[in-house]
Amino acid sequence: NSTYHHLSLTGSGTKTVSAALTINGDLTINSGVTYSNTSSNFAVAIGGNLTNNGTLNAGTGTYTFSGTAKTLSGTLPLTSASFSGTYTNNGTLTVSSNLNGAGGLTQGNSATLNVGGTFTTTSFDASTNAGNTVNYTGSAQTTKAVNYQNLTLSGSGNVSLTTGTTIAGNLTLSGSVSATLGNDVSIAGNLSIAAGNTLNGSTRAINLAGNWSNSGTFTSSTSTVVLNGNNNIQTITGTNSFNLLTINHTGTGSVNASTSTLTVTGTLRVQSGSFTGASTYGNLQIDAGATYVATAGSTINVSGNGTNNGT
């Protein structure tokens, strides 16, 4: 076992870890240096900050972080990480396997966290600092039930999509996942479902202030989707079948689904603002002060009730 207070790697070339490593203070990998722990994959314990300005070949050993109010900076590819202390990620932290510990991890401004395995760290803050992204890259994962800035699912398999009540930026499905929404959620940015991905709305409500883009599959089940942007132009694109769809847009702008192949099996309610589209609807309800604009040259099919108190 090798023990240091602070360890700063300088110069050039490769610095190889030759024993289990305990650093009570900071580990700094400077530019031009390659840190290598791939020969024996030793466990590494860090009590201070971790900064990588060079190349980090971490190996498969577990990295334990025990400091208080410390930081992670640079590009940090780890296999397994455990937090018993409190840390802020200010760089790109990738944990390809398990991320755990009884401590806390906070996402810094514009930071990226890539998680490939189970994520059980007790305290996790992904909402306070603007522009950060959490990306689940593994197979059949369960997301942490917290609020997010930007949330991406780029892995595979069946994903249990649990969040807090708010995603302040974008929700993106970009891998080959089949995600089932576990709670109601408000998304301030865009929702994107790439080809090969499925989002199941289950019984939940999705409140969306940005654009809805679906090149994959949206399974509506008994969910409700509300487009509630303000002073913007929202679009719905792709082939979409909704259970209940409500347009509650305010201020300037509108909601436009003219390029979408759109079906609403329950009720399309234009509650506020202007909506442009054509589709097959179970019921169509236009509230006072709201406007429905049929796509030019289109056909509208309503199998149930039609109520127009607007335009």
Side-chain angles (χ1 to χ4, degrees), residues 1-68 70-108 111-124 133-144 152-157 175:
N1 186 69
S2 298
T3 302
Y4 299 87
H5 182 53
H6 296 299
L7 179 58
S8 180
L9 305 180
T10 60
S12 61
T14 300
K15 316 295 183 181
T16 301
V17 178
S18 58
L21 194 58
T22 298
I23 303 167
N24 295 317
D26 302 338
L27 172 58
T28 304
I29 305 165
N30 289 286
S31 178
V33 175
T34 297
Y35 165 103
S36 178
N37 187 24
T38 57
S39 296
S40 299
N41 301 298
F42 290 108
V44 176
I46 300 173
N49 305 311
L50 173 58
T51 302
N52 178 33
N53 294 315
T55 300
L56 174 59
N57 296 325
T60 59
T62 298
Y63 284 68
T64 302
F65 299 91
S66 60
T68 300
K70 301 301 182 180
T71 61
L72 308 172
S73 303
T75 301
L76 305 170
L78 308 177
T79 298
S80 179
S82 180
F83 289 88
S84 59
T86 53
Y87 280 75
T88 297
N89 172 32
N90 291 323
T92 298
L93 173 62
T94 299
V95 182
S96 58
S97 184
N98 297 327
L99 177 55
N100 56 39
L105 179 63
T106 297
Q107 285 284 86
T112 298
L113 173 64
N114 301 304
V115 183
T118 58
F119 188 1
T120 58
T121 302
T122 299
S123 176
F124 180 55
T133 299
V134 179
N135 180 15
Y136 290 85
T137 64
S139 174
Q141 292 176 280
T142 297
T143 61
K144 288 283 283 186
T152 299
L153 308 179
S154 65
S156 60

Side-chain donor-acceptor pairs under 3.5 Å in residues 93-105, sequence neighbours left out?
| residue | atom | partner | partner atom | Å |
| --- | --- | --- | --- | --- |
| T94 | OG1 | N114 | ND2 | 3.0 |
| N98 | OD1 | T118 | N | 3.3 |
| N98 | OD1 | T118 | OG1 | 2.7 |
| N100 | OD1 | S82 | OG | 3.0 |

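Below 30°, between 30° and 60°, or above 60°: for F119 and Y136 the angle between ring planes is between 30° and 60°, a tilted geometry.
Listed for the N49 side chain is a donor-acceptor partner under 3.5 Å among the backbone atoms of T71. Using a distance-only test at 3.5 Å, with no hydrogens or angles considered, a donor-acceptor pair links the side chain of N37 to the main chain of A58. The backbone N or O of V115 sits less than 3.5 Å from a side-chain atom of T137, completing a donor-acceptor pair. Side-chain atoms of Y87 come within 3.5 Å of backbone atoms of G48 as a donor-acceptor pair (strictly under, hydrogens ignored). In this structure, the side chain of N1 does not engage the main chain of A19 through any donor-acceptor pair within 3.5 Å. Under a 3.5 Å cut-off, the side chain of Q107 and the backbone N or O of T88 do not form any donor-acceptor pair. Formation of a donor-acceptor pair under 3.5 Å by the T79 side chain with backbone atoms of G59 is found in this model. Formation of a donor-acceptor pair under 3.5 Å by the H6 side chain with backbone atoms of D26 is found in this model.
Here K144 contributes atom NZ and T120 contributes atom OG1; the two are 7.0 Å apart, rounded to the nearest 0.5 Å.
Contact of the N52 side chain with the Y35 side chain is not registered, since no non-hydrogen atoms from C-beta on lie closer than 4.5 Å.
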